[in-house]
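Let me begin by presenting the structure, written as C-alpha cells, before commenting on it.
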Amino acid sequence: MSTVEPRTRSSPPAEAGASASGATTMLLTGNQAVAWAARLARPKVVPVYPITPQTPILEELTKFQAAGEFDAEIITPESEHSVMAACIPASLAGVRVFTATASQGLLLMHELLHYASGARAPIVMANVNRTVASPWAFWPDQTDSVAQRDTGWVQFYSECAQESLDTVIQAFRVAEKLMLPVMINHDAFYVSHALEPVSVPDQQLVDAYLPEFAPAHRIDPEHPESWGNVVSQEMYYRHRRAIGEAMAQVFDVALAADGAWRQLTGRGWGLVERYRCDGADTVIVTMGSMCGTAREAVDQMRDAGLDVGLVKVRLFRPLPVEALRAALHGVDEVIVLDRNYSPGHGGVLHQELLAALYGLSRPPRVRGLLAGVGGVNVSPRRIAEYVREGALDDGAPDPASIWVR
C-alpha cells in the first residue's frame, strides 16, 4: 500500500461536512479540537498536568466532565512525570487512556516514555509543540517532540485544528491495533490557539470507527499476568525486536485507519502528502503548521511561473522512507524547512531526509534551512525567497543546516 496519499483541504468544504453523518461545524481552536477528539474517543482514564500552551485541552475536558458529557477519570498529579506514571498502569489494566502535554512537560516525561512503549501501552498523547528552556519562552518549536524520536512512540504532526481532531481519533485505532503509544503534535498558538471551522463528527460515527478497547492481555486479578520483571539479555533482545516489528506495520495500519476515516467523513490526510509536485524542479519539505504557509507560497510561485511543489511529512516516526523517496523521485532540488534545532546536528527533519535519500542513483540536491526555530514567523514571501536563493546557487549542497531569517 502506498504511503503517499492525497488529502482533503485543511478546512473541509461545507458539502464534505454535511455528508458526514451528524457532523457539526464548530469554530474551535486546535486545543479545543483535540479535547473534542478525546471526548469522542471515550477514554476511561485521563491523567493531565496543566502547562502552557496545552492547558486549554485540560480545561475543555474538565468542562465536558462537569457537564456530564465526558465519562472519564481525570487525574491531575503533581507533575508530568507522575502523569505518565499514571497513564501506564491504567493502560495495562485494559482501559483506553489519553493525556496531553507540551515542552518541558514532555521532557519531564522522557524516562517514562520509554517505559510506556516498552510496556506496549497504547496510550494516546497530544503534545503542543513549544520551545524548551533555557532561555524561557512560549513560542512554537518542535524540538520538544523530535527529541523523543527514539522513545518508541509513533509520532504524527498536524497542520491545522481539523487534522488534529481527526488524527487523535485515528491514533487510538493505530495504537490499539499495534499496542504502541502514539503522540500527536501540533504547533503552539499557530494551531493550538487559532480559531477555525472544524467539522466535529457524531458520537455514533466515532463509536462505529473506534470500538471499545478490549486488549488480549491486561492486569486482571482473575487472570494473573506479570509485567515489569527483570529479563535476560535474550528476552530483552526479543522484546525490542518485537517493538521494531510493530513499528514496521505502522505504515499500513495508519493508512488503513486513515482510509476508513475518509470513507466515514470525507476527510483523509495520508502519511506523506505531495502538493503540486508534478513537474516541479524544486520541492519544499516540512511538517506542522508551516505546511500551510508553504502551500500558499507554492501557489504564489506557481502563479509566477516557477515549478515548485510541497511535500508534507505527517508521519515522522516511523519515518516513511520509501514514501519520501517516491515523493521526491526526479526532483532536482529539495529545501527542508525545520522548526527545530538539534545542537551539533542541525535541523532534525533535514538530517533524517538526507539519511532517507542516501543511496539513490540520482538523489536531489537537499538544502536544510533552520527557518522558524523558536517560533520565528516564516511568511510565504520569505519561503519564495529561499527558493529563489537556492536556484541562484549552483554549488554543492551543504550537509549542514543553515540558519535563515
Side-chain angles (χ1 to χ4, degrees), residues 11-12 17 20-80 82-84 86-87 90-91 95-106 109 123-130 138 140 158 160-172 175 182-207 209-210 212-213 265:
S11 294
S21 175
T24 303
T25 299
M26 304 181 187
L27 191 62
L28 300 176
T29 65
N31 281 355
Q32 290 173 325
V34 165
W36 266 99
R39 167 180 164 172
L40 291 165
R42 297 188 187 271
K44 292 299 182 184
V45 178
V46 181
V48 188
Y49 187 89
I51 179 171
T52 302
Q54 169 270 113
T55 305
I57 297 175
L58 173 57
E59 292 173 340
E60 199 74 8
L61 290 174
T62 56
K63 289 178 185 177
F64 291 152
Q65 187 188 57
E69 299 165 341
F70 188 51
D71 182 19
E73 183 74 21
I74 297 179
I75 306 171
T76 52
E78 75 281 1
S79 73
E80 289 88 354
S82 297
V83 162
M84 190 52 60
C87 287
S91 182
V95 298
R96 186 167 288 157
V97 177
F98 174 79
T99 189
T101 191
S103 185
Q104 300 300 125
L106 184 63
M109 289 180 177
I123 300 159
V124 170
M125 174 166 61
N127 177 63
V128 183
N129 288 127
R130 192 201 96 189
F138 296 93
S158 62
C160 62
Q162 183 70 69
E163 187 176 359
S164 290
L165 183 146
D166 293 345
T167 305
V168 168
I169 294 172
Q170 290 183 18
F172 281 103
V182 179
M183 184 188 307
I184 304 93
N185 303 278
H186 68 207
D187 287 338
F189 306 111
Y190 291 142
V191 179
S192 70
H193 285 61
L195 284 163
E196 66 173 85
V198 175
S199 177
V200 179
D202 179 80
Q203 183 67 67
Q204 290 182 334
L205 181 146
V206 178
D207 289 344
Y209 176 82
L210 200 61
E212 186 174 348
F213 180 44
T265 66

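Heavy atoms only: backbone and side chains are in, while hydrogens, waters and symmetry mates are out.
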The reported gap from CG in Leu106 to CE in Met84 (rounded to nearest 0.5 angstrom) is 8.0 Å
The reported gap from CE in Met109 to CD in Gln104 (rounded to nearest 0.5 angstrom) is 12.5 Å
Could you go step by step and tell me if Gln162 and Val198 meet the side chain to side chain contact (heavy atoms under 4.5 Å, CB included) rule? CA-CA 5 Å; Gln162 183 70 69; Val198 175; 3.6 Å; yes
With a 3.5 Å cut-off and sequence neighbours excluded, list the donor-acceptor pairs that the side chains of residues 34-50 form with protein atoms.
residue : atom : partner : partner atom : Å
Arg39   : NH1  : Glu69   : OE1          : 3.1
Arg42   : NE   : Asp207  : OD1          : 2.9
Arg42   : NE   : Asp207  : OD2          : 3.4
Arg42   : NH2  : Asp207  : OD2          : 3.0

query = Can you check whether Thr29 reaches Pro56 side chain to side chain, under 4.5 Å on heavy atoms?
reply = no
Only one of Thr76, Ile57, Ile74 passes side chain to side chain contact (heavy atoms under 4.5 Å, CB included) with Thr62, and that residue is Ile74
Correct closest heavy-atom pair for Leu28 and Ala161 would be O-CB, 4.4 Å
To the nearest 0.5 Å, atom CD of Gln54 lies from atom CD of Glu59 at 9.0 Å
Test side chain to side chain donor-acceptor pair (under 3.5 Å), reference His186, set Thr167, Asn127, Asn129, Asn31, output is Asn31
Note: Thr99 and Val83 closest approach over all heavy atoms is OG1-CG1, 3.3 Å
When rounded to the nearest 0.5 Å, the distance separating OG of Ser103 from CZ of Arg130 is 3.5 Å
Sorted by chain and number, sequence neighbours left out, side chain to side chain donor-acceptor pair (under 3.5 Å) with Gln170 holds for Asp258, Arg314
Rounding to 0.5 Å, atoms CD (Gln32) and CG (Leu165) come to a distance of 11.5 Å
Between Val128 and Ala188 the two heavy atoms that sit nearest each other are CG1-CA, 3.7 Å
dist Phe138:CZ -> Ile51:CD1 (nearest 0.5 Å) comes out at 8.5 Å
Practice task
Answer yes or no: is there a side-chain heavy-atom contact under 4.5 Å between Asn185 and Ser158?
Solution key: no
Note: Glu196 and Cys160 closest approach over all heavy atoms is OE1-CB, 3.5 Å
All heavy atoms of Ala90 vs all of Val95, minimum pair found to be O-CG2, 3.1 Å
Between Phe213 and Phe172, is the side chain to side chain contact (heavy atoms under 4.5 Å, CB included) condition met? List the steps. CA-CA 9 Å; Phe213 180 44; Phe172 281 103; over 6 Å; no
For Thr101, the side chain to side chain donor-acceptor pair (under 3.5 Å) test, sequence neighbours excluded, returns none
Exactly one of Thr265, Ile169, Leu210 clears side chain to side chain contact (heavy atoms under 4.5 Å, CB included) with Leu205, and that residue is Thr265
Smallest heavy-atom separation, Phe98 atom then Val168 atom, equals CE1-CG1, 4.2 Å
